[in-house]
Amino acid sequence: MTTASASDETPSMSITDERYGALRAAAAVWAGTSVLITDRHGRVLIERVGYRDTCLLPGGAVDKGESPAHAAARELREELGITTTVDRGLAVDWVSAAGVEARPALRFPGEVLHVFDGGAWGDEQIAAIRPRAGEIEAVEFVEPARLPELMSPDNARRALSALRARVNAAGPVLLEDGLPISPTVLDRAGVVISGLSLPQERLL
């Protein structure tokens, strides 16, 4: 059985499904999710974890056969004990192998990371947080201006780009190593959003 030509094959050639599948598998990359959550004052939820020195947004790997949105909701349930629907994207980031300091043993091929909007949480939802024992050492809400000092450079760039996308309300932003492919005025100015004194509908 044959199928459409692969990108690195001669255009006039037809290749077998097996060959095409092998070509695509060889180019496979990881898939991950993270969730941007703020409180009503615009502070960003970060996790302090036991396996690294810098903080993270909630999130993790997309499991086999799982959609990114389902993975994000699962990670919130597992890491924070919160069950909620995650259905609004803020950013999609191409994380290149050169853009992170991955341990050689991981053989990191690059990752497509989806950032979802977890919304602005009130006191009741925050009080319901139950960090996962053995993984999440602490959860706190911090001013966006502090993210570069608390997170790795790539994670801070991605979180701030996602936050700007939420404020801009113009739809998800496409990133490469945390930086927008098409920077907005806020991105070009290097603005770090703090306080977010915006109407409530812009926070939710």
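Since this is a predicted model, take the numbers as computed values, not measurements.
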With a 4.5 Å cut-off on side-chain heavy-atom distances among I, L, V, M, F, W and Y, is there a chain of contacts connecting [X] to [Y]?
{"X": "Val86", "Y": "Val115", "result": "no"}
{"X": "Leu147", "Y": "Leu45", "result": "no"}
{"X": "Val62", "Y": "Trp30", "result": "no"}
{"X": "Val139", "Y": "Ile46", "result": "no"}

Hey, does [Y] have a side-chain heavy atom less than 4.5 Å from the side chain of [X]?
{"X": "Leu56", "Y": "Ser34", "result": "no"}
{"X": "Val44", "Y": "Leu36", "result": "yes"}
{"X": "Leu163", "Y": "Leu90", "result": "no"}
{"X": "Leu57", "Y": "Arg158", "result": "no"}
{"X": "Leu80", "Y": "Glu75", "result": "no"}
{"X": "Glu47", "Y": "Pro58", "result": "yes"}
{"X": "Ile126", "Y": "Asp39", "result": "yes"}
{"X": "Leu150", "Y": "Arg48", "result": "yes"}

Spacing of His70 atom NE2 and Thr85 atom OG1 [to the nearest 0.5 Å]
8.5 Å
In this structure, CZ of Arg77 is separated from OG1 of Thr83 (nearest 0.5 Å) by 6.0 Å
What are the two closest heavy atoms between [X] and [Y], and how far apart are they?
{"X": "Gly89", "Y": "Pro172", "result": "O-CG, 3.5 Å"}
{"X": "Gly50", "Y": "Glu137", "result": "CA-OE2, 3.3 Å"}
{"X": "Pro68", "Y": "Thr33", "result": "O-CG2, 3.2 Å"}
{"X": "Ile37", "Y": "Gly118", "result": "CG1-CA, 3.9 Å"}
{"X": "Ser161", "Y": "Val173", "result": "O-CG1, 4.1 Å"}
{"X": "Ala156", "Y": "Pro148", "result": "CB-CA, 3.8 Å"}

Any donor-acceptor pair under 3.5 Å from [X] side chain to [Y] backbone:
{"X": "Arg40", "Y": "Ala120", "answer": "yes"}
{"X": "Asp177", "Y": "Ser96", "answer": "yes"}
{"X": "Asp117", "Y": "Gly119", "answer": "yes"}
{"X": "Asn168", "Y": "Arg164", "answer": "yes"}
{"X": "Asp93", "Y": "Gly178", "answer": "yes"}

Which pairs of donor and acceptor atoms, one on a side chain in residues 128-135, lie under 3.5 Å apart (sequence neighbours left out)?
unit_1	atom_1	unit_2	atom_2	d
Arg130	NH1	Ala127	O	2.8
Arg132	NH1	Glu135	OE1	3.4

List in chain and number order the residues that pass salt bridge (Lys or Arg N to Asp or Glu O under 4.0 Å) with Asp63, two or more places apart in sequence or in another chain; answer none if no residue qualifies.
Arg74
By salt bridge (Lys or Arg N to Asp or Glu O under 4.0 Å) - contacts of Glu176 (at least two apart):
none
State which residues pass side chain to side chain contact (heavy atoms under 4.5 Å, CB included) with Arg107; sequence neighbours excluded, sorted by chain then number.
none
Go through the structure and list residues passing side chain to side chain contact (heavy atoms under 4.5 Å, CB included) with Val112, not counting sequence neighbours.
Val29, Val92, Trp94, His114
Check step by step if side chain to side chain contact (heavy atoms under 4.5 Å, CB included) holds for Arg166 and Arg88.
CA-CA 10 Å; Arg166 181 203 274 187; Arg88 181 168 149 184; 4.2 Å; yes
Counting only heavy atoms from other residues, nucleotides and ligands, does the tally under 6.0 Å from CD of Glu149 exceed 12?
yes
Side-chain donor-acceptor pair under 3.5 Å between Ser152 and Asp154, yes or no?
yes
Qualifying ring pair (Phe, Tyr, Trp, His ring centres under 6.0 Å) pairs, either residue in residues 115-171, two or more places apart:
none
